[in-house]
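Presented below is the structure to which this report refers.
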Amino acid sequence: MAEFFFMGGYAAYVWPVYGLALLVVVGLVGQSLLDYRRQLRLVSELESKAGGRARRAARTHRSDA
Amino acid sequence: MRRAFSAVLMRDLRLATRAGGGGGMAVFFFLIVVTIVPLGIGPDLNLLAMIAPGMLWVGLLLSALLTLDRLFQADFEDGSMDILMMGDLPLEALVAAKAVGHWLTTGLPLVIAAPLLGLLLNLDESAYPPLMLAMLLGSPALSFLGTIGAALTVGVRRGGLLASLLVMPFYIPVLIFGVGAASAATSAMPSGVYGQSLSLLGAVSLVSLVVGPVAAAVALRANLR
Amino acid sequence: MSHTATSLTITDLACERGARRVFDGLSLSLEGGEALVLTGPNGVGKSSLLRQIAGLVEVSSGSISLAPADEDHPMAARLHYVGHLDALKPAMSVHETARFWADFYGGAADVMPALDAFDLVPLATLPVAYLSAGQKRRLGLSRLLLASRVLWLLDEPTVGLDTASIERLKGLMEAHLEGGGMIMAATHLDLGLAQARHFNLADVARQVTA
Amino acid sequence: MSTLSTSQRLQAFANPTRFMSLSGRILGPMAAVTALLLLSGLYFALLDSPPDYQQGETVRIMYVHVPSAWLAMMGYMIMAGASAIGLIFRHPLADVCAKSAAPIGAAFTFLALVTGSLWGKPMWGTWWVWDARLTSMLILLFLYLGYIALWATIEEPARAARGAAVLALVGALNVPIIHYSVVWWNTLHQPASVFRMGGPTIAASMLTPLMLMALGFTMLFVTLLLVRMRAEILRRRVRGLLLAKADM
């Protein structure tokens, strides 16, 4: 198992690559979902204040993956 | 009085980070300036390594100049300048607050970006610490001296370009001592040069902390009255 | 906010904008609790006079003094000037803007009363970019209440305001006058202030030769 | 979902509220497929493929670097295509798509650049070499950042959309020109390009991880694009509600 992590001596280059790839993917997914949730909250807040005028719009988004 | 100073500073920081702040633009410009150098000179790594400190400093200067004209112009155009000039806060302190704001939103990000851009220019490993130290020491001078150019060109159409031209000569000592400090640590310079240029750079910065606000305040009074 | 025995005296004031002499030999005085409405055609120098008093425009000759003398505050820091521009930053919210002015003036920390006086509380969290012209004007005027200053210099304050806001402004001006404050306003709309004197700048302005 | 003909389905994506409900339904499965592809890709890339006889284990960097470079290019093409549709057909969702695609594309470009540099260090001994491909990728990043900055500075969405669309199209036009000039510039100074990215032929055993990772990244791109488009549609609704609130 150890020599797997040793990566033939290039561990210092291979693992940062996969680490960075993980970071970028998690960062992208995280930011996208957080932003989506934030806008959803803002819309429902503003719509509840502005009366149910656009109640229909709020009903169509079910929470997804 | 201190409350007014920090109010102006905090407002500038908030504005810079909020709608398309200036800081990000300056770093982006710095990135492009440093990238086109090898495209112009060629990808020869040894040549690039030699000119890297100089090019990084020139890039820093140009990027700092870029965001100068908005320093007072934005407030002048929307009428805030009238209010800022009618407070207990003396004009010199107002200019200092603006300069510190400019340094935090533009100068500091540039100094932090510089070593990353050093990679592009194949900067020698040993040159990173001196470069960072020299830039940290010299960049406040860019902001404080820059306020003079910004103050002189408030209300002038296309003032930004003029501001850069007016201020560039003041930047030359900063450039010379900065590059001296950054490259002294690497190339075969007489040993004393590094310490010398650092201390001269520090001196220039200290002087500019005083000269900048005072001169800019006079310029503002002359320009806006 | 009360002000004691204050007065503004202007003697033999002249004003030049570029090569043009806008007016000269202008003298007037204003006591605490008095309002002065500046009238006269456009270009006669109403705004220039207000800006000169505010210290924003050069005083070529003559003098402006605000009694009682106050050493530790420059004259400009003892008055409010509301010009045509509202001095607002689109990216900042209504509350943040008022908060900034309050901090800059060294006024009260709680800005809500000033916003409430101009019916801006419901919009407090809204960025200025989303405000209408009238709402921006009211926010600009709200800084009058953020720091107690003896002299109000108002340049066309009612531009863009709806009738309700004009009534509100009138009420605030009367309260300021009762507190011993002074107001000098350049406006065409008759604010109907009881204690207002009128001053036509045309009498003083030089006949600008063609 | 009723069986819609493809053109109907595309049409259905046109108006925002239809798009919101449709994308809401398919996001779940798409996320699952993306995760599956990425995990299997990782398995093959790290565990079940041999080291390269020349580069040894560093060839595993290729399984991240090459797909992200492809996605960087694909992202920009999507942006340019959406911008063209937006300008020509006034499609309501086109600029939402272009604006949402840009940050994802930029992230993949950044990933390609850094992994390229990490791949270069063991090969050439320095973190950055002005290799034609890496340099073009860097300039592509500038195009992305410029596009994103333009959106950030113009306040009003409609005006920002038109400007950004023009910028994306001009950018797309210039990408080949820039790439060619950089390649020419590179050969001008260094006759033989020292390193061919990805090697002349890719052994079969390396193809599976590469394809899986590429598919996984592509699915990730499309899934995130839908999520960000939904967020952008809501963001514009928030802006409308704020404006309405100011008028009350």
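Because the structure is a prediction, the values reported are computed rather than measured. Every chain is numbered from 1, with letters handed out A, B, ... down the list of sequences.
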*Going by the side chain to side chain donor-acceptor pair (under 3.5 Å) test, which pairs reach into residues 142-153 of chain B, not counting sequence neighbours?*
His102(B)-Ser143(B)

*Considering heavy atoms only, which positions within residues 197-207 of chain B lie below 4.5 Å of chain C?*
none

*asked:* Suppose a student defines contact as a heavy atom less than 4.5 Å from any heavy atom of chain C. Which residues in residues 2-13 of chain B would they list?
replied: Arg3(B), Ala4(B), Ala7(B), Val8(B), Arg11(B)

_Nearest-0.5 Å distance, NZ of residue Lys89(C) to CG of residue Asp78(B)_ = 4.0 Å

*Please state whether the side chain, the backbone, both or neither of Arg143(C) comes within less than 4.5 Å of a heavy atom of chain B.*
side chain

*Would you give the length of the straight line joining atom CE of Met86(B) to atom CZ of Arg78(C), rounded to the nearest 0.5 angstrom?*
12.5 Å

_Value rounded to 0.5 Å, distance of CG in Leu15(B) from CZ in Phe100(C)_ = 9.0 Å

_Looking at every non-hydrogen atom in both residues, tell me the closest pair between Phe104(C) and Leu84(B) and how far apart they are._
CZ-O, 3.3 Å

*asked:* Heavy-atom cut-off 4.5 Å, strictly under: side chain, backbone, both or neither for His80(C) against chain B?
replied: backbone

Using residues 48-57 of chain C as the side-chain source, report each donor-acceptor pair under 3.5 Å to any protein atom, sequence neighbours left out, with the distance given to one decimal.
residue  : atom : partner  : partner atom : Å
Arg51(C) : NH1  : Asp82(B) : OD2          : 3.0
Arg51(C) : NH1  : Tyr81(C) : OH           : 3.2
Arg51(C) : NH2  : Asp82(B) : OD1          : 3.2
Gln52(C) : NE2  : Ala14(C) : O            : 3.1
Gln52(C) : NE2  : Glu58(C) : O            : 2.8

*chain C contact via Leu89(B) - side chain, backbone, both or neither, heavy atoms under 4.5 Å*: side chain

_Heavy-atom pair of closest approach, residues Gly87(B) and Pro74(C)_ = O-CG, 4.0 Å

*Work out which heavy atom in Leu85(C) is nearest to a heavy atom in Glu77(B); give both atom names and the distance.*
CD1-O, 3.6 Å

